[in-house]
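First the proteins, then the strands, lettered A, B, ... as listed; each starts at 1.
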Amino acid sequence: MADSITITLPDGTPRELSEGANAGDLAASIGRGLAKAAVAATVDGKQVDLTTPLPDGATVAIVTSNTPEGRHVLRHSTAHVLAQAVLQLWPGAKFAIGPPIEDGFYYDFELPGGAAFSDDDLARIEERMREIVKEGQPFVREEHSRDEGLALFADQPYKREIIEGVDETEGAEGGVVSAYRNTPEFVDLCRGPHVPSTDRLGAFKLMRVAGAYWRGDEKRPQLQRIYGTAWESRQALEEHLHRLEEAERRDHRKLGVELDLFSFPDEIGSGLAVFHPKGGLVRRLMEDYSRRRHEEGGYEFVNSPHISKESLFQISGHLDWFAEGMYPPIEIDEGNRYYLKPMNCPFHILIFRSRQRSYRELPLRLFEFGTVYRYEKSGVVHGLTRVRGMTQDDAHIFCTKEQMAEELHSLLTFVLDLLRDYGLDDFYLELSTKPEGKAVGGGEEWDEATEALREAAGKMDLELVMDPGGGAFYGPKISVQAKDAIGRTWQLSTIQVDFQLPERFELEYTGADNQRHRPIMIHRALFGTVERFFGILVEHYAGAFPLWLAPVQVRVLPVRDDHDGYAASVADRLRAAGFRVEALDASEPLGARIRRGKLEKIPYVLVVGDDDVAGGTVGVNDRAGNVERGVPVDDFLARLARELVVRAGV
RNA sequence: GCCCGGGUAGCUCAGUCGGCAGAGCAACGCACUCGUAAUGCGUAGGUCAGGGGUUCGAAUCCCCUCUCGGGCUCCA
């Protein structure tokens with residue numbers, strides 16, 4: 001037949017189709033399963049609707065719903081359904097943007113009379129959405145000129161603004177305004193592609209309402225945002241909801257109360273934590289190990305006060321660049337203003353500057369668990385991960401320009417090694433460059449520092465992603481991003497190169513040439529902050545700290561009261577070997593005491609009864625639920641010792 | 001800081017129409033002495049976040065403040 005076209009599949013196979021055939025036809029010709037899973041197509045590298053006629057000679061890939069791209073399409077289409085439902089339920093509502101995001105989508109609206117959605121509205125909206133899905137409305141692509149587009153959305157100011165906008169991202173490319181129509185009444189500006197019909201959707205759920213600024217600008221109108229999640233199948237949706245439950249189960253704020261680790265008393269103030277004995281112990285163990293490693297790594301330990309005169313932060317530039325993040329000054333005597341310190345660097349700099357320095361001293365590495373205070377906006381404080389008073393495991397390395405590359409490389413190695421000892425081992429690196437407008441120093445120095453960081457990162461055999469404009473005001477940074485036990489990414493360590501502060505404080509050392517030179521400074525924190533890292537570890541381990549960090553490592557339970565003496569002697573032996581042990585009396589049934597141990601996530605619960613007293617053994621219960629009877633105490637001790645060395649949990 | 005939703009016993013949560021403040025768990029006491037995830041009985045525990053207002057009467061309705069959560073913005 002003359003009226004046919006030939007396209008190429010991704011694997012290079014040619015395929016003949018009748019002229020005018022679209023990707024949906026192609027999928028159907030390949031197989032029913034593919035046709036069912038197809039949501040869009042990639043034609044010569046560009047995503048299009050399944051209904052778009054295929055050009056002769058094109059390379060075509062079917063986008064299926066169980067891929068990241070496919071879910072993107074599903075979510076985007078579901079967002080349109082959400083918009084239609086809201087516009088039906090709230091006549092006169094304005095709709096803004098509704099993109100797919102990780103795990104779902106959102107849509108921003110402005111309701112008539114400045115009304116807001118309530119949680120109850122979500123159920124109503126969802127119900128309406130399900131009707132729309134059931135109706136099987138088609139997504140029909142329309143292309144308009146710019147003026148037609150403006151006319152089409154005459155009563156939709158946000159859509160008009162998008163069309164008029166210079167950044168032509170949402171369906172207004174090359175003078176052509178594309179839109180997708182579901183019904184004679186509902187059409188939405190959109191670049192596409194979309195699923196062919198609303199009946200291809202369904203595994204979705206509206207999650208929450210929130211406020212959001214138009215275009216993310218706090219000076220512009222605040223819109224009402226609805227978040228939803230959408231998946232290719234009911235099962236994938238359920239799995240996602242289960243992951244959310246799992247994250248909730250691990251929430252460090254919840255576990256902090258349950259395990260009696262820390263609290264945020266209202267009387268102290270928002271974002272200011274107190275650590276209880278058990279949390280304090282874990283924290284001390286974390287710090288002690290870090291201290292030991294830093295000592296071995298050539299760091300020297302310093303201390304600095306929590307407040308200082310205004311002038312220090314004028315010199316450092318903090319008052320110029322970071323004032324909104326600082327607590328207001330404390331005024332004493334006559335007009336003497338003191339600030340709570342938001343960062344440790346100026347203090348460490350003064351230690352460097354306290355006398356003349358020789359090149360022989362460099363690199364000089366000054367370390368401190370330095371407590372800093374930052375005035376965080378009231379809406380952003382969050383558990384231990386975003387607080388107003390925090391302790392950084394902070395160090396500043398002063399070195400020569402020549403030493404910088406090697407220092408950065410060994411530093412990154414040191415950082416990753418240490419983090420692995422805390423149980424994190426899935427990393428990638430992020431390089432943050434000069435922030436727009438909000439930076440000190442010339443472009444040349446920034447370039448040089450950025451390049452040095454990039455080079456060091458390149459040697460690490462880890463993925464490196466760019467974060468343009470994300471640096472601090474005084475220098476670019478590398479941050480180590482770690483994935484936790486359930487795959488969430490946390491920004492941990494940061495390493496920043498700084499040419500500015502040595503300049504501002506006029507730091508100098510005497511070189512081998514007997515000339516004065518200016519050192520380079522590297523700021524680095526591994527945990528970021530002790531509080532935040534603590535919270536991350538709680539979530540990573542779901543509160544079940546590995547043996548070396550567990551506040552109570554072993555609990556000994558006598559079966560009856562008359563086993564008390566033996567239980568105490570076992571506890572004493574373990575304690576003498578350096579373990580944190582407690583023995584509980586038999587005032588509750590054994591089952592209840594076992595249960596309590598599990599809930600407290602104690603690594604080992606030992607049960608001792610008649611057999612054990614007779615044989616000098618213990619019954620070993622680990623957290624995972626394994627039970628072993630008649631274990632000689634020495635064997636158990638050896639097991640503890642082995643486990644401690646590898647820093648692993650059960 | 002902004003938008004929305006919360007705050008009732010240590011924890012989780014009920015509390016109807018504005019009419020005596022409740023439960024389970026935890027705590028404490030007594031009994032039970034038990035071999036693997038909750039023994040029984042009893043006792044105590046509250047300025048219903050705080051302040052103001054409406055009302056004969058407020059946990060409940062209104063206002064303000066504090067605080068928590070979800071977002072926006074910001075960020076370690």
Ranking B:rG70, B:rG1, B:rG35 by distance to the side chain of A:S378, first place goes to B:rG1

A:Y227 side chain near B:rC72 phosphate (N/O to OP1/OP2, under 4.0 Å): yes

Is it the case that the ring center of A:F414 lies less than 6.0 angstrom away from the ring center of A:H294?
yes

Rounded to the nearest 0.5 Å, the CZ atom of A:R249 sits from the CD1 atom of A:I486 at a distance of 8.5 Å

Heavy atoms of A:P346 and A:H318 approach each other most closely as CG-CE1, 3.8 Å

Checking A:Q392, A:M390, A:E287 against A:V530 for side-chain contact (heavy atoms from CB on, under 4.5 Å), the one that qualifies is A:E287

According to a strict under-4.0 Å criterion, is A:R388 in side-chain N/O contact with OP1 or OP2 of B:rC75?
-> no

query: Quick one: the side chain of A:R560 and the base of B:rC34, do they pair up donor-acceptor inside 3.5 Å?
result: no

Check ion pair A:E539-A:R253 (N to O, under 4.0 angstrom): no

Original post:
Does the base of B:rC2 carry an N or O that pairs as donor and acceptor with the side chain of A:Y213 under 3.5 Å?
Top reply: yes

Open item on the list: Checking A:E161 against A:R220 for the salt bridge (charged side-chain N to carboxylate O under 4.0 Å, His left out) test, could you report, in this order, the C-alpha distance in whole Å, the side-chain angles of both residues, the deciding distance, and whether it holds?
Closed with: CA-CA 13 Å; A:E161 186 174 330; A:R220 310 204 59 179; 3.0 Å; yes

When rounded to whole Å, the NE2 to P distance for the pair A:H318 and B:rC75 reads 14 Å

Regarding the side chain of A:V380, the nearest nucleotide among B:rC74, B:rG71, B:rG35 is B:rC74

Check for me whether the distance between the ring centres of A:Y604 and A:F636 falls short of 6.0 Å. yes

Closest of B:rC68, B:rU36, B:rC3 to the A:V627 side chain is B:rU36

- Quick one: is A:H382 getting a side-chain N or O under 4.0 Å of the B:rC68 phosphate, OP1 or OP2? no

Would you say A:T494 places a side-chain N or O within less than 4.0 Å of OP1 or OP2 belonging to B:rA76? no

As its Watson-Crick or G-U partner within any shown strand, both distances under 3.5 Å, B:rC66 has B:rG7

When both distances are under 3.5 Å in a Watson-Crick or G-U wobble arrangement, the nucleotide paired with B:rU43 is B:rA27

Closest to the side chain of A:I594, out of B:rC2, B:rA76, B:rU36, is B:rU36

_Under 3.5 Å, is there any donor-acceptor pair linking the side chain of A:D610 to the base of B:rG35?_
no

Considering only heavy side-chain atoms of A:K477, the closest of B:rU33, B:rA37, B:rA76 is B:rA76

Of B:rA76, B:rG1, B:rC3, the nucleotide closest to the side chain of A:Y375 is B:rG1

**Whole-angstrom distance between B:rC11 and B:rG19, as gauged at atom P** = 27 Å

Q. Quick one: is A:T385 getting a side-chain N or O under 4.0 Å of the B:rA76 phosphate, OP1 or OP2?
A. no

* Using the P atom as the reference point in each nucleotide, state the distance between B:rU54 and B:rC62 in Å, no decimals. => 15 Å

Is it the case that the side chains of A:W214 and A:D108 hold a donor-acceptor pair, with the cut-off being a distance below 3.5 Å and no angle test?
no

Can you find a donor-acceptor N/O pair under 3.5 angstrom joining the side chain of A:D266 to the base of B:rU67? no

When rounded to whole Å, the CG to P distance for the pair A:L384 and B:rC68 reads 12 Å

Within residues 529-540 of chain A, the residues having a heavy atom closer than 4.0 Å to RNA chain B are A:T529, A:R532

Taking A:D610's backbone N and O only, do any of them form a donor-acceptor pair with A:H563's side chain (distance below 3.5 Å, no angle check)?
yes

B:rG22 -> Watson-Crick or G-U wobble partner, both distances under 3.5 Å, gives B:rC13

Here the distance between atom C1' of B:rC72 and atom CD of A:E376, to the nearest Å, is 15 Å

Regarding the side chain of A:P589, the nearest nucleotide among B:rG35, B:rC34, B:rC68 is B:rC34

Mate of B:rC75 across any strand shown (Watson-Crick or G-U wobble, both atom pairs under 3.5 Å) is none

Side-chain donor or acceptor of A:R225 under 3.5 Å from a matching atom on the base of B:rC72?
no

Using Watson-Crick geometry (N1-N3 plus N6-O4 or O6-N4) or G-U wobble (N1-O2, O6-N3), each under 3.5 Å, B:rC32 is paired with none

As its Watson-Crick or G-U partner within any shown strand, both distances under 3.5 Å, B:rG57 has none

Under 4.0 Å: is that the gap between some side-chain N or O of A:K254 and OP1 or OP2 of B:rU12?
-> no

